[in-house]
Amino acid sequence: MIVKMKKTVTQKDLESFKTYLTKKGFDLKDVSSEAVKIFGIIGDTSKLDPADLRVFENVENVIRIQSPFKQVSRDFKNEDTLIKINDQVTIGDGSITMISGPCSVESYNQLKIIASHLKKRGVNVLRGGAYKPRTSPYTFQGLGLEGLKLLRNVADEQGMAVISEIPSADLLSTFEAYVDIIQVGARNMQNFHLLKALGKTKTPIMLKRGMSSTIEEWLMSAEYIVSSGNENVILCERGIRTFETYTRNTLDLSAVLAVKNLSHLPVIVDPSHAAGRYNMIAKLSIAALGVESDGLMVEVHHKPEEALSDGAQSLKLDTFDDMMNDLHAMAKALNRPLK
Ligand code: PEP
Ligand code: MN
């Protein structure tokens, strides 16, 4: 961290600033020139908030050099993190992981029709929301525990793994019992109490990017989970809110490149919640593979017009097949297995 001091700063002021930092375990290195008074703060500055230093009236500017996240960064660990879900699926090993299923679990029949179709097309991870985070309290809220049980049953029948969104920390042991990957939804990305609780399980976590979160905030949330004890974190870019209204969100593909550069954690792209429109999903999925996404999460419904949530962004079964044909061609060109 670099601190620029006012030119008028006295030796006494500097001494008290130095004492403050020494007490916190840091060293202050003077790198001033004739023109500017500049100091480097030496030590693990991830524990220091630049804003706190502005309390000193002689501090003119503070610039962070070291990233505030530690364990999720490539500086801490350069090799890609691989997350083994089962014998068929390892996320981050160079293969393209397909996660697919309905937005919400609605019934056994609905899930069975969708899951059996997906499995035939080579999808090994079934998604489905049981506890739905809806903007309106009057819309379908999900089947709750019954939904998780249906998801588990159908996935077992088809030989698939399961991912579902956890609404709160009190349900952790229930989720551990029924799912293979716990999803943290965009709205909960900064629920720090939940993130710390998820550090106590070994079940892999898929952390969706908050709809208004910066890349740094997203990685800091991942840092909460990892530093609390669970290294099995998958990031998921699902679009961010911008001034654009044509699409539901704006898919931030450059963020995929950024986090893959900054962090060793795998990244999945969810074009469904980004676009909000079914006719954009296939092409956005291709684009996601172009930026080296480790996989895709795509919503599918056999009758989107009857879906209890997110029908407009759900692919029909035949359109899903068309997309898979394109994705297989892309995977072949990239020399990456698609599974
Ligand atoms: C979902 O995946 O069902 C979901 C609610 O997504 P998000 O948290 O990204 O809005
Ligand atoms: Mn959805």
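Remember, it's 1-based here, ligands and their atoms both numbered in the order they're listed.
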Undergrad: Would you mind running through ligand 1 and noting each atom that sits below 4.0 Å from a heavy atom of G185?
TA: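 Per the distance check, 8 (O).
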Undergrad: For K119 and N124, does a side-chain donor sit closer than 3.5 Å to a side-chain acceptor?
TA: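 Judged by distance alone, the side chains do pair up.
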Undergrad: What does the angle at the Mn ion (ligand 2) come to, between atom OD2 of D310 and atom SG of C103, rounded to 10°?
TA: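 Vertex the Mn ion (ligand 2), arms to OD2 of D310 and SG of C103: 100°.
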Undergrad: Side chains of S104 and S309: any donor to acceptor distance under 3.5 Å?
TA: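 Yes - a donor-acceptor pair under 3.5 Å links their side chains.
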Undergrad: Does this structure show an ion pair linking D180 with R152, if we count only N-O contacts that are shorter than 4.0 Å?
TA: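 Salt bridge flag = yes for R152 with D180.
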Undergrad: What residue and heavy atom of the protein are closest to atom 5 (C) of ligand 1, and at what distance?
TA: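 Of the protein heavy atoms, E165 OE1, 3.6 Å lies nearest.
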Undergrad: Verify the cluster assignment for V9 and V31: are they in a single hydrophobic cluster under the rule of side-chain heavy atoms below 4.5 Å apart?
TA: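 No; tracing contacts between hydrophobic side chains, which count when under 4.5 Å, never links both residues.
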Undergrad: Check whether any heavy atom of Q183 sits under 4.0 Å from an atom of ligand 1.
TA: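 The answer is yes: ligand 1 sits under 4.0 Å from a heavy atom of Q183.
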Undergrad: Can K70 and D44 be counted as an ion pair, charged N to O under 4.0 angstrom?
TA: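 Judged by the 4.0 Å cut-off on N to carboxylate O distance, K70 and D44 do form a salt bridge.
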Undergrad: Would you call K208 and E165 a salt bridge, taking side-chain N to carboxylate O under 4.0 Å as the test?
TA: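 Judged by the 4.0 Å cut-off on N to carboxylate O distance, K208 and E165 do not form a salt bridge.
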Undergrad: Out of all atoms in ligand 1, which are within 4.0 Å of some heavy atom of R187? Include the element for each.
TA: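 Contacts of ligand 1 toward R187, numbered from 1: 7 (P), 8 (O), 10 (O).
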Undergrad: Atom 9 (O) of ligand 1: which protein heavy atom is closest, and how many Å away?
TA: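 For atom 9 (O) of ligand 1, the nearest protein heavy atom is R238 NE, 2.6 Å.
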Undergrad: Can you check which of M297, K208, E237 brings a heavy atom nearest to atom 7 (P) of ligand 1?
TA: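 When every heavy atom of M297, K208, E237 is considered, K208 comes closest to atom 7 (P) of ligand 1.
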Undergrad: Is D270 close to ligand 1, meaning an N/O of one under 3.5 Å from an N/O of the other?
TA: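 No.
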Undergrad: Which residue owns the protein heavy atom closest to atom 8 (O) of ligand 1, what's the atom, and how far is it?
TA: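 Answer for atom 8 (O) of ligand 1: A186 N, 2.8 Å.
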Undergrad: Taking the inter-plane angle between the rings of F175 and Y131 on a 0 to 90° scale, is it parallel (under 30°), tilted (30 to 60°) or perpendicular (over 60°)?
TA: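 Plane angle between 30° and 60°, so tilted.
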Undergrad: Give a yes-or-no answer on whether the side chains of H301 and E106 include a donor-acceptor pair shorter than 3.5 Å.
TA: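 The criterion, which ignores hydrogens and geometry beyond distance, is satisfied for E106 and H301.
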Undergrad: If you compare all heavy atoms of V298 against all heavy atoms of S272, which two are closest, and at what distance to 0.1 Å?
TA: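 Closest heavy-atom pair between V298 and S272: CA-OG, 3.5 Å.
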Undergrad: To which protein heavy atom is atom 4 (C) of ligand 1 closest, and what is the distance rounded to 0.1 Å?
TA: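 The closest heavy atom on the protein side is H273 NE2, 3.5 Å.
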Undergrad: Look at ligand 1 and say whether R127 reaches it with a heavy atom at a distance under 4.0 Å.
TA: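 Under 4.0 Å: yes for R127.
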Undergrad: Given atoms NE2 of H273 and OE2 of E299, what angle do they subtend at the Mn ion (ligand 2), to the nearest 10 degrees?
TA: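 About 90°, to the nearest ten degrees.
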Undergrad: State the atoms of ligand 1, each with its element, that fall below the 4.0 Å cut-off from a heavy-atom position in K132.
TA: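 Selected atoms, number and element: 3 (O).
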